[in-house]
Every structure is written in C-alpha cells, then in structure tokens.
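Here is the structure we will look at, set down as structure tokens.
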2 protein chains.
Amino acid sequence: MTVAEIGQKAKAAARMLMTADTGSKNKALEAIAQALEAHMDEILAANAKDIQNGEAAGLTKSLLDRLRLTEARIKGIAASVREVIVLTDPIGRIDNGFINQDGLRILKTRVPLGVIAMIYEARPNVTVDAAVLCLKSSNVVILRGGKEAIHSNSCLANLMREAIRAQGFDENCISLITDTARESATELMRLNEFVDVLIPRGGAGLIKACVENSTVPVIETGVGNCHVYIDSPSDLEMGARIINNAKTSRPSVCNAAESLLVHRDVAKDFLPMAYALLREHNVEIRGCERTREILGDFVKPATDEDYAAEFLDYILAVKVVDSIDEAIAHIVRYTSGHSECIVTSSLQNSERFTREIDAAAVYVNASTRFTDGGVFGQGAEIGISTQKLHTRGPLGLNELTTIKYVINGNGQIRV
Amino acid sequence: MTVAEIGQKAKAAARMLMTADTGSKNKALEAIAQALEAHMDEILAANAKDIQNGEAAGLTKSLLDRLRLTEARIKGIAASVREVIVLTDPIGRIDNGFINQDGLRILKTRVPLGVIAMIYEARPNVTVDAAVLCLKSSNVVILRGGKEAIHSNSCLANLMREAIRAQGFDENCISLITDTARESATELMRLNEFVDVLIPRGGAGLIKACVENSTVPVIETGVGNCHVYIDSPSDLEMGARIINNAKTSRPSVCNAAESLLVHRDVAKDFLPMAYALLREHNVEIRGCERTREILGDFVKPATDEDYAAEFLDYILAVKVVDSIDEAIAHIVRYTSGHSECIVTSSLQNSERFTREIDAAAVYVNASTRFTDGGVFGQGAEIGISTQKLHTRGPLGLNELTTIKYVINGNGQIRV
C-alpha cells in the first residue's frame, strides 16, 4: 500500500473510532496485551533479525540496547498496555457548559484529534505505546518507525491489528508504514488530507526535519537542554544531590540536566561538593574559566556549543555566574524550553525564576527528572511537548483530544 | 528594519511583557483607545490615501467597504478596545494543582504564547483588534496586513506604539511589517527563532499559503463551508427560519451557511417554504435534480464545486438526500470543520448528528450564525480555529496562552 492509501484507510477508520465506547476500546487494549504475551516467540524472532542486521551495520551498543526486546521487556510492554486500560477515557468529557441568554445550551466537549502520524526512531516499544494511547483516546495512528526496527515493528503492528480486528475494530485504526525510505516520511508529513497531527519522537535532527518539511501540524517533542542553577543563598548539600540526580540518574532521557550554573558567592564551596558526587559516575565536566580555577585543570574548557548541547550522556557543562540575572539570561539564551531548576533559599529569587523562565516545567529545589506524565497526573504519555501550541509538557490522553462545541436550541436565530 | 530585526526586537519585548501585571496592561489598552479617539483626523487622512489607491487599482465595492474607516467605525474600534479591558486576564491563572506523593507542589499555570505573527488582508480594524487581544494576554504581536491598507495600518500601529510606550511598555510589543511584498510574509512564516505562533486571517488562499509555507506553527482560521440539514421529522417552519437566518443575516462571514440538505420525505413541503424567505434576499439557488423538480427550472444545476464552495454571498447550494446517512456522508465529504446544523424532531438523529459530525461547532435546531467568542463565553476573539491542534472554535484570550508547570520542592530527587 502507498502512504496515501494508508492515509485514506486511516481517515475512514477514524470516522468509526470516533464513536467507539470506552468498554469496547478497553477490550481491544486487553486483546493487544494478551497478543503480545501469546506471541512472545514470534516477536523475539523478528527482533533477532533487527539485532542481527544492526550488528552487521555496526550500530552502537547503546542503539542496539534500545532496539533489543527480551521476554522481560515484552512483559513490561504488555503491563504498560494494561496501565492505559485503567486510565480515564478523555473522550466525551464536557469541559464546561452553560445556557446562554438566547436559551442555547452550549457544551464544550472533548473529541479525538482524528488521525495521528508518529515518526520515530529505533525503539520498538514506541510502536505499542503510541498505538495504545491513540486507541484509548479514539485516535487512529499511522506509525512510521526507523528502518533498524522494521522487523520488530512489523511483527508488533500485525499482532495489534489482528487483536483489534478480532474485537470488531477496523484494523486500520493502527497502521505501520513499512517503507522506510526517507521519501515515505516526507510524504506522510504532507498528507494534510488524511492526517490531523504529526508527532515526531526522536533526536533533534528528526524533530527539525519534521518542523521544516511538514505541512501537517506538528507537536515538537523532547529535546531537553535542561539547566540547574545554584543560587546564593541556597542549601548547597541539597543542590549537590539535585544536580547529581538530574545529571546521572538517567542521562539518556530528555529531562536530564545538561548544564549547571552556580552563583559566584557559593561556587568555591559548591563545586567541589557537587563534583564529589558526580565523579562517582565518571561525569565529564566542561567548565568556564572560574570553574576550572576552582575544580582544577582536568576540567575541559566549555564552548558555546557545550552550553547549547543536549549531551544525553555523562557530560556536564558548568558556568559560574555573577548573579541570578546572568543565570536567567544564560538560560533564556540556551534553553530548549523543557525543564529548568533553581536551587535557592530566597523567596524573591524563586518567584523571579519561576516567572521569568519560560519552559514546560520550572522547578524550585527539586530535580528536573520529575518531568513526566506519571508525576504530573496525566498517566502514560506519548512524549513531552516543548512547543507552545496545543500544549506544553507531557502529552497524555487528555492532550490527544481537541474541542467540539455542541449547541442545542429550539429554533434560535441570530438577530 | 528587516523582518528578522523586527522579530528579534519582538522576542526581546516578549520577555518583559511576560511579567507585566494586569493593571498596567489595562492602562496601556485605555491609552490605545484614547489615542484612536484623539487622532481621528490623522487616521481618516491615512485611510483616504488607501481608499484613493484602491479606487485607482479598481478594487471591488465590497473590498473598498472593508477598507474604509469612518468616524463611527473608529469610535467602534475604540469601544471594542475598552471591551477587552474588562475581560478577565488569562495570564497567571492556575488550571489545577496538587501535592504529589513525593511532596512536590505541582501547579499547571497559564502563560503567554510569546510572539504571535498575524498575516491578514484588507480590514484595518484587524490591526487594532489583534494588537489589543495580544497585549491583554501578554503576547507580543507582529502584524503584517495587506498592501491595500498599508497607510491606515501604519498610522494605527504608530499610534498604538506611542500610546503603550507612554505607559512604560516596550513599543516593540506591537510591530507592523510595512514591507508588503510577498517575500516579507514568507520570511515571517519561517522566523521560528523569534515567532511562536502564526495566525493567518483571511480567505482560503491566504490560509493555504501559510499552511504550506510556514515552519512556524500555524493556527488555521476561518474558512466556513457550513451546512444546514433538514431532517425528517422536523419542524419545517423552524427549519425555514434557521436556513434563512444562517444564509442571509450576514452572508460574508465564516459562520454563514453555504449548503442546504433536505430529507426527501419533507423536501416537497420544505423547499417552497424556505424559498419564500430566501427569495426576499434574492438568494440564488443552485440545486440537485430533485430540488429543480420541486422549485422549478430557475434553479441552476449544482456542481461538485458548488457543494465545496464558501460563497460568502447570496448563493445557496441545495441537495435533497435519501436519509440522515446520506446527509452525514455529504457533510463529512465537504465540511471545512466550522459549523454544522441539523434541524430535527428525532432525539436519535440529533444524537447521531452531534456524535458523527466532526466540526468546531455542531448545532441542533439553531442557526450556525451563533459561532463566535461572544456567544461561546470567551468574549472578543481573534478568529475561529478550524484546525484540531491547540483549539477549535473561537480564539479568545484563553486560547492565546500556553502551559507552564511550576513545581516547588524541598530537595526531592527521582529514584
């Protein structure tokens, strides 16, 4: 099937899915979870082909790790499907409503976005996560994963399609584009006739390509150049624990910290204290001149590129600043609008920071690692939006909906 | 100044405007209203140049009418500025909040989008309406109007910039791009570094150009191919009043009806009844074969293009359908997702129609003409969104905001 044909079938499926009830959708989700568990061998065999091809193609160890499925991981994916079953269905919710002066009853209701296209990279678990969140929110999904995971993705998509068809759903509620040439992604980005929203999930390059080439509305996700700023006065031991957690608890994710800013009045005390924790994780420090004076010459000089980088690795850029003004100005310049943190004892400075820093999540005295749908009360999520249109922060089920006003009258006309 | 320079200054102004309080913003709005009233002659003189040029260029009467400012119209614009003053400021509102299991206080707050670009056509009142709604919601606006209104727009923008500067605001909170070459619009559409959202306001051609060429996120507005469907059974006299109101009370606006669908069982009774009202407004009917059999040969045969058209004029496409299924299928095929109406006495059919029709507003037994921010409780609006991302329906002050999560802790780290 061509991309356009897949789009056309998806649009037709969306019309039906729009009116599916919660009970039927939950049964279809349970059928997906059971299919994953029942066909474990098949999935592992398909994944083995991807791993073999990946090794032959010289993929890095970390990419191979993302690609790899195991029995435990598949069980984990099935368990996460069941977590979505218990989440509240956002469709049909009435945000508010009133009777207006003409006697019209006006309800602001929540309806699905329609057809969501997902372009993503090497993780096959995204294939299931995305399909399941879309189905629960009555959205049809068109998946377009990376070529590295094509056998795994095809196997997972086919199992899901069969499972929902057996529950009376149109299998085209979940489609996978198996053509992994660049052109198929570009075609999907311009399929305005059939696709309502495009959500890319992956590195900065993928996101940029979607923003630049897509005519379908895009929700940008994920790039996180997150900062922790240690203010004066502040609890320095707390600050050290926070930057250590934000940097090292899971460096490969978007809510990990990439840069540390330290007020000059506390830098001499703070930097050695923080480094004592960071070096246990072999964190490489790239610092400004003052950082190097305090910590020593082993610190590499930081460049502008370092301050702009999303390392996703055990690397931390460090800068000593003269004031909170300089800290805020630095963050304004380099932020990707994901998660930013101040460690401070000053009420005024915490208020200033939360007011003047414009990001999806702004933290006072807590690790940036908390930014996700589970913590923020949305449950499972499809990514973290760092753009301002539609929503910012975790894209949970509620964020996969749009608005329909439903107005009932008894003959009202406008004068 | 180049478009990029205007963008850069706008972005800098946005940082300050983000933290302006409601009282100061309201004073700046009042200053704008007073400036419009105090410089009436200047505005009229600038507008006279546009009208003169427009006449020389052979603009249509209806375009010249949209372009023309009068003392009464300027007073009306000033009055609408004061209506925005009394609207609730959406900035700083806390949508919800809670203390999570780790003891983090998580607030979901409303913040401005940042820098909003508006590309619009010949109406100079949009210059003031857009600037004022953006200022009230703490958004910086970059205006790019049509060349027909360039003298009027320049005069209005300069008056507003002076007025807000005198109130201590950065004048770059409101900018006008005076270069009306097509290239300046294209450059604005790709100014992702400085512009957060683009809202085009105008005809289908302008909207399409923005969707196709913009890399800045776009909110599509306005195109309305709205239908009224007369079901069987239904109150036919009510139906006739509704289609007459939806078609003729203001045909040039996006919530006016363009097509009438009639169930075959009531067509013979209904069509003459409706036409008796419509012909008083000289409405031209373009109908299907069955419509022509009932009303007569004066009805022109309707083409596919007629069913797809947004006439914005005293023209109505009519089709007799065999069932509500055919009516829904027709609307699904031709709808622009703006406002759709069923006139019916059947509870089942009203439920089906409101569930299966996917549009910003779906009406039962009321005119489509009610779709606007005033009626829906949002107050003044910058347009009607017909896309699904961000919002659908009227774009009021609340819809010109995005989300910032503000999280306060006392040292929490993620385990």
Side-chain angles (χ1 to χ4, degrees), chain A residues 15 18-19 98 100 102 104 106 108 111 113-114 192 196-197 211-212 215 217-219 235 238 241-242 244-245 249 332 350 354-356 358-367 369-371 375-377 387-393 402-415, chain B residues 15 18-19 98 100 102 104 106 108 111 113-114 192 196-197 211-212 215 217-219 235 238 241-242 244-245 249 332 350 354-356 358-367 369-371 375-377 387-393 402-415:
Chain A
R15 238 189 104 185
M18 197 164 67
T19 58
F98 65 107
N100 91 335
D102 305 302
L104 291 170
I106 299 171
K108 185 179 178 186
V111 295
L113 288 167
N192 296 54
D196 294 290
V197 176
V211 167
E212 283 183 359
T215 49
V218 173
I219 303 183
D235 178 335
M238 180 204 286
R241 284 194 306 272
I242 286 175
N244 183 50
N245 180 262
S249 59
V332 166
S350 84
T354 53
R355 215 167 48 233
E356 295 183 26
D358 193 19
V362 183
Y363 289 86
V364 179
N365 295 332
S367 170
R369 289 278 293 105
F370 285 104
T371 304
V375 174
F376 288 5
Q387 75 173 40
K388 296 185 186 172
L389 205 67
H390 193 64
T391 191
R392 279 206 301 194
T402 188
I403 288 159
K404 183 201 277 188
Y405 289 92
V406 176
I407 305 99
N408 276 64
N410 49 15
Q412 284 84 345
I413 58 172
R414 188 118 194 222
V415 282
Chain B
R15 236 189 105 185
M18 197 165 64
T19 58
F98 64 106
N100 90 335
D102 305 301
L104 292 170
I106 299 170
K108 185 178 177 187
V111 296
L113 288 168
N192 296 55
D196 294 290
V197 177
V211 168
E212 283 183 359
T215 50
V218 174
I219 304 183
D235 178 336
M238 180 204 287
R241 286 195 306 273
I242 286 176
N244 183 50
N245 180 263
S249 59
V332 166
S350 84
T354 54
R355 215 168 47 233
E356 294 183 27
D358 193 19
V362 183
Y363 289 86
V364 178
N365 295 332
S367 170
R369 288 278 294 104
F370 284 104
T371 304
V375 174
F376 287 5
Q387 75 172 40
K388 295 187 186 172
L389 206 65
H390 194 63
T391 191
R392 279 207 299 195
T402 187
I403 286 159
K404 184 201 278 188
Y405 288 91
V406 176
I407 304 99
N408 275 65
N410 49 15
Q412 284 84 345
I413 58 172
R414 188 119 195 221
V415 282

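Computed from heavy atoms alone, side chains included, the values below leave out hydrogens, waters and symmetry copies. Below, read A as the first sequence line, B as the second, and so on, with proteins coming before strands; counting in each chain starts at 1.
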Pairing residues for B/Asp358 by the side-chain hydrogen bond (donor to acceptor under 3.5 Å, both in side chains) criterion, not counting sequence neighbours: B/Lys388, B/Arg392
Heavy-atom pairs under 4.5 Å with chain B, option from A/Asn100, A/Leu113, A/Val218, A/Asn244 with the top count: A/Leu113
Which atoms of B/Ile106 approach chain A - backbone, side chain, both or neither, heavy atom under 4.5 Å: side chain
Contact leader toward chain B among A/Lys108, A/Arg355, A/Gln412, A/Arg414, where contacts are heavy-atom pairs under 4.5 Å: A/Arg414
Options A/Asp102, A/Val197, A/Val375, A/Val406, ranked by heavy-atom pairs under 4.5 Å with chain B, top entry: A/Val375
Residue part contacting chain B, namely of A/Asn408, when any heavy atom lies under 4.5 Å: both
B/Ile413 versus chain A, the contacting section by heavy-atom distance below 4.5 Å: both
Value rounded to 0.5 Å, distance of CD1 in B/Ile403 from NE2 in A/His390: 9.0 Å
Partners passing side-chain hydrogen bond (donor to acceptor under 3.5 Å, both in side chains) against B/Ser249 (at least two apart in sequence or in another chain): B/Arg369
B/Ala366 to A/Gly409 - nearest heavy-atom pair and separation: CB-CA, 4.3 Å
Top contributor to chain A contacts, counting heavy-atom pairs under 4.5 Å, from B/Ala360, B/Gly114, B/Gly377: B/Ala360
Chain B contact via A/Ala361 - which portion, at a heavy-atom distance below 4.5 Å: both
Spacing of A/Leu389 atom CG and B/Leu389 atom CG [to the nearest 0.5 Å]: 5.0 Å
Region of A/Val211 in contact with chain B, defined by heavy-atom distances below 4.5 Å: both
Choice from B/Glu212, B/Lys404, B/Met238 maximising heavy atom contacts with chain A below 4.5 Å: B/Lys404
Heavy-atom side-chain proximity of A/Ile407 to B/Phe376 below 4.5 angstrom: yes
